[in-house]
Amino acid sequence: MSDSEDNVPLAQKFHNDSNSSVRSTSAVDSDEDMPLAAKLSAINNGNAAPQDIAYIKQEPADSSDDELPLAVKLKAGGINRANDASMPLKQEPLDGNDSDSDVPLSTPSSSVESTSKKRKLPKADRQADKLKKRAVKTEKKAVKKENGASSRRGGGRSKADKMDVDVKEEEVKVKVKKQEEEADGDAEDNEHRWWLNQDRDASVKWTTLRHNGVLFPPEYKPHGVPLIYDGKEVVLEPAAEEVATFFAQVLHMDHATNPVFQKNFFSDFLKILGTCKKPTPIKRFDKCDFSRIAEYFEQEKERRKQMSKEELKAIKEEKLAIEEKYAYCMLDGRKEKIGNFRIEPPSLLRGRGAHPKTGCLKSRIMPEQVILNLDADAPVPPPPPGHQWGGIIHDPTVTWLATWKENVNNSTKYVFLAANSSIKGQSDMNKFEKARELKTCIDKIRREYTRDLKSRTLQICQRATAMYLIDRFALRAGNEKGEDEADTVGCCTLRYEHVNLVPPNRVCFDFLGKDSIRYYREVEVDTQVWKNLKSFKASPKKSGDPLFDQLTTATLNRHLSSLMPGLTAKVFRTYNASHTFEKELEKTPRNTSVAEKVLAYNRANREVAVLCNHQRAVPKRHDDQMLRVSNKIKAIKYLRWRAKRELLQLNPKVKKSNPKLVAPESDLEEEWCIEYEDSLIKKEYEKANLKVEKLKEKVKSEGGPAPTDGAVQAILDKAKEYEERVLSERKSGQLEVKRAVTEEKLKEAIAKLSERIVAAKSEMIDKDENKATALSTSKINYIDPRITAAWCRAHDVPLTKMFNATLRDKFRWAMDVDATWKF
DNA sequence: ACTGAGACTTAGCACACGACCA
DNA sequence: TGGTCGTGTGCTAAGTCTCAGT
């Protein structure tokens, strides 16, 4: 049986093969013949050889993208969003119909106790009714899960007998007391090493949970800055001013020019204006000018910048003091950090891609809408004065502390624990353990789906093909989406137009995935897969039709879990990411500097990010930066060319004995050199003038005799001398060689300059290849942290180089492995 | 079998902040 | 000292997947 080590995802294989030549950054730059340099110049000229271009052809040949034609665009691609110019924004007709009216802003609600212990359920109240249902559900769920868990543990209970509540509560009390004692006695080192003592029953998440509720955003403080409407100032009432301010705050972003955003915003803005006492003249968006409000906030920001350190510190401390109360909870007697304890403030929805509801007003959440989850004996935190909580529940089968409904998408929001908490840590660890479990049966699963690719049952054939794509190209499952969401797809929702077939066995994927990030890849696939895709696209199917019409994520996942308990589509992404990473890390050079090892690590990280299509917006100043580094390289080359010419003047025989050493600089145009020299001359004069100014200033402030004309002239003469020397050298073609300079010294200088050129070039390539790739997502979510911990041990690299403090804290559970640990 | 709600993970963006450099 | 740049952090949108209800 072949080992699964060989089963590196295709995407990665292609990527490695085509990319290997870029990798030689540590070799000494002998000259421009170097692959690196050749590559760079080819890239710079926009005509990189096909073999230099990774398999991922990001853009069609006729793409209108006229950014720097650099390698990474071809490799990882810039972010391509539905609303990019290259892809016209699909505009949905909007009726401005949102659901704010459903929000029970002032529901007279009372706390609802939902444990088996005591129940006081108010009637008639919709929300309370919902809570009641939830409470019943919670109880059922807990009983069911408990039974499931005990049978999984091999317990004899098979029937959902009603739990003996008193006994259970007694157990809980004993457990809590024990935990409190442990916490007391362990005050010095109270780190809870849950990973050493894993309880496999994950259905009950906690026994006690206490917290102080949630932090609400401050009330709106009106600023009184007018909106300019049709050229006239309009001072708005606070409620309307607040909404106008939300728009002013996104004025510098792309949202502000997105027509859907504008339309949704304005529709909600008009609604708010309609509730104002005084009628306003505001009727049309295009007559609104929010810039005065934006300027006001710009000034405020500036004012903040001007504040003294003490003032800023005081503000920060005050803020921290308020937050401290809400930032932590007590979970099973231990203090744990809460993630998002703040209720989301009202704002305009910033949807990604072509979101039909982007720009809609997310209304302010009131305490009456917030339900808290606490243990049954926990004191209920006081709601803000004059308010009531939307409800109190006691559900130990869930991990959230508070929840509310958001009005735009009608989605549920939660307050969860922070990433470094035991609950999140455990589920993180379980996730990676599940992926490792997949490793043990991946060969079998691959054999099975390869066989099924030929199945005559269409459903099985489609399922196998989808599995192949998910496994090999790290596609997401692709659930169905609603009408009022951006049109993005995953594997199961791919449509006819997302897949182009190029005979004999190439497939070009082009679709918008999660967050409307474009997935554009041309890959080679198994011949059978190619044939299958062709048949799935066969007539009468046309653009807009689903590719996998017999498949849903539900049926796919049901099948997957029959192959391995708990296996779902997303496990493949985790598995392939971690596996790829571990394989790539094996290339880490031994007996080299830490810096080179770190480079190898980051490369492996990048492979995973490319595999998972983790992209980021190209930094705004990226092109500037590239140009600057490129000029820096030319400047060094200019110095090297001078050194070479000096060497030739000293010893003309070098040309024959070592022609390579004094070969002309390949891409150093004369025109550029002249410009550069002129800029150097200019700088010399500027420097001289500055020196004179300083001298005069000094005399002014410290007294003493004024500098003589001669002294001033001497300074200026130096610049003049420099200019004359450059001009004369230019005219004669001969350089002025300093007397002390020897042949040896020049050779040394040339070598050093060459090294600097190599370093600058690899820095440039590295930066450019990374411009559109986000490494952090894979590091945080897909790569088993134990691989990193083991690698650091094995290669004697400090962990701090790879994981920042936050990640070290999040992955505490993974840090104890030894150097030989394998994923 | 289908649907929608609920609970949780994954994701990129904006911004603050501090290091570094000229 | 001011500008640039990279990194860390907070934020919240957008996925995945399960389960209850029908």
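In what follows, chains carry the letters A, B, and so on, assigned in the order in which the sequence lines appear, proteins first and then strands, with residues in each chain numbered from 1. Remember, predicted model here, so these are calculated numbers, not experimental data. Excluded from the calculations below are hydrogen atoms, water molecules and symmetry mates; all remaining heavy atoms, backbone and side chain alike, are included.
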Looking only at side-chain atoms of [X], point me to the closest of [options].
X: A:Val398; options: B:dT10, C:dA14, B:dC8; result: B:dC8
X: A:Ala477; options: C:dT16, B:dG6, B:dT9; result: C:dT16
X: A:Arg573; options: B:dT10, B:dA11, B:dG6; result: B:dA11
X: A:Glu344; options: C:dT16, B:dG12, C:dT12; result: C:dT12

### Task
Could you tell me which residues satisfy ring-ring contact (aromatic ring centres under 6.0 Å, His included) with A:Phe416, sequence neighbours excluded, listed by chain and number?
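So A:Phe416 forms a ring-ring contact (aromatic ring centres under 6.0 Å, His included) with A:Tyr414.
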
### Message
Checking A:Phe511 now: which residues fulfil ring-ring contact (aromatic ring centres under 6.0 Å, His included) with it, not counting sequence neighbours?
### Response
A:Tyr519

### Query
When the nearest nucleotide of DNA chain C is assigned to A:Lys337 and to A:Gly478 on a heavy-atom basis, which residue is associated with the more 5' position?
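That would be A:Lys337.
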
### 5′-ward residue of the pair A:Ala554/A:Pro345 relative to DNA chain C
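The answer here is A:Pro345.
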
With sequence neighbours left out, write down each residue that passes salt bridge (Lys or Arg N to Asp or Glu O under 4.0 Å) with [X], or none if nothing qualifies.
X: A:Lys514; value: none
X: A:Arg621; value: A:Asp624
X: A:Lys634; value: A:Glu669

Hey, does the side chain of [X] come within less than 4.0 Å of [N]'s phosphate (OP1/OP2), counting only N and O?
X: A:Tyr414; N: B:dT9; result: no
X: A:His355; N: C:dA13; result: no
X: A:Asn781; N: B:dT9; result: no
X: A:Arg342; N: C:dC11; result: yes
X: A:Lys431; N: B:dT9; result: no
X: A:Thr552; N: B:dC2; result: no

### Query
Between A:Glu485 and A:Lys357, does at least one N-O distance fall below 4.0 Å, as a salt bridge requires?
no

#### Entry: All pairs passing salt bridge (charged side-chain N to carboxylate O under 4.0 Å, His left out) where residues 410-432 of chain A contributes a residue, at least two apart
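Residue pairs with at least one partner in residues 410-432 of chain A: A:Glu344-A:Lys413, A:Asp428-A:Lys431, A:Asp428-A:Lys810.
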
Heteroatom pairs (N/O) under 3.5 angstrom, protein to nucleotides 15-17 of chain B:
none

Just jot down the side-chain contact (heavy atoms from CB on, under 4.5 Å) partners of [X], sequence neighbours excluded, or say none.
X: A:Ala327; value: A:Phe341
X: A:Thr245; value: A:Tyr220, A:His223, A:Glu241, A:Gln249, A:Ile293, A:Phe297
X: A:Asp375; value: A:Trp206, A:Thr208, A:Arg210, A:Asp377, A:Ala378

For nucleotides 1-6 of chain C, give me every protein contact, N/O to N/O, under 3.5 Å, one pair per line with atom names.
{"from": "C:dT4", "atom 1": "O3'", "to": "A:Arg628", "atom 2": "NH1", "distance (Å)": "3.4"}
{"from": "C:dC5", "atom 1": "OP1", "to": "A:Arg628", "atom 2": "NH1", "distance (Å)": "2.8"}
{"from": "C:dC5", "atom 1": "OP1", "to": "A:Arg628", "atom 2": "NH2", "distance (Å)": "3.3"}
{"from": "C:dC5", "atom 1": "OP2", "to": "A:Arg621", "atom 2": "NE", "distance (Å)": "3.4"}
{"from": "C:dG6", "atom 1": "OP1", "to": "A:Lys767", "atom 2": "NZ", "distance (Å)": "2.7"}

### Task
Might you point out which heavy atoms bring A:His255 and A:Gly351 nearest each other, and give the distance in Å?
CE1-O, 3.8 Å

### Message
Any base atoms under 4.0 Å from A:Asn479, or only sugar-phosphate, or nothing? Heavy atoms, all strands.
### Response
base

### Query
Do the side chain of A:Lys514 and the base of B:dT10 come within less than 3.5 angstrom through a donor-acceptor pair of N or O atoms?
yes

### Task
Give the stems involving DNA chain C, where a stem is 3 or more consecutive Watson-Crick or G-U wobble pairs (i with j, i+1 with j-1, and so on) under 3.5 Å.
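Output for stems: B:1-22 with C:1-22.
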
### Message
Is it the case that the ring center of A:His355 lies less than 6.0 angstrom away from the ring center of A:Phe261?
### Response
no

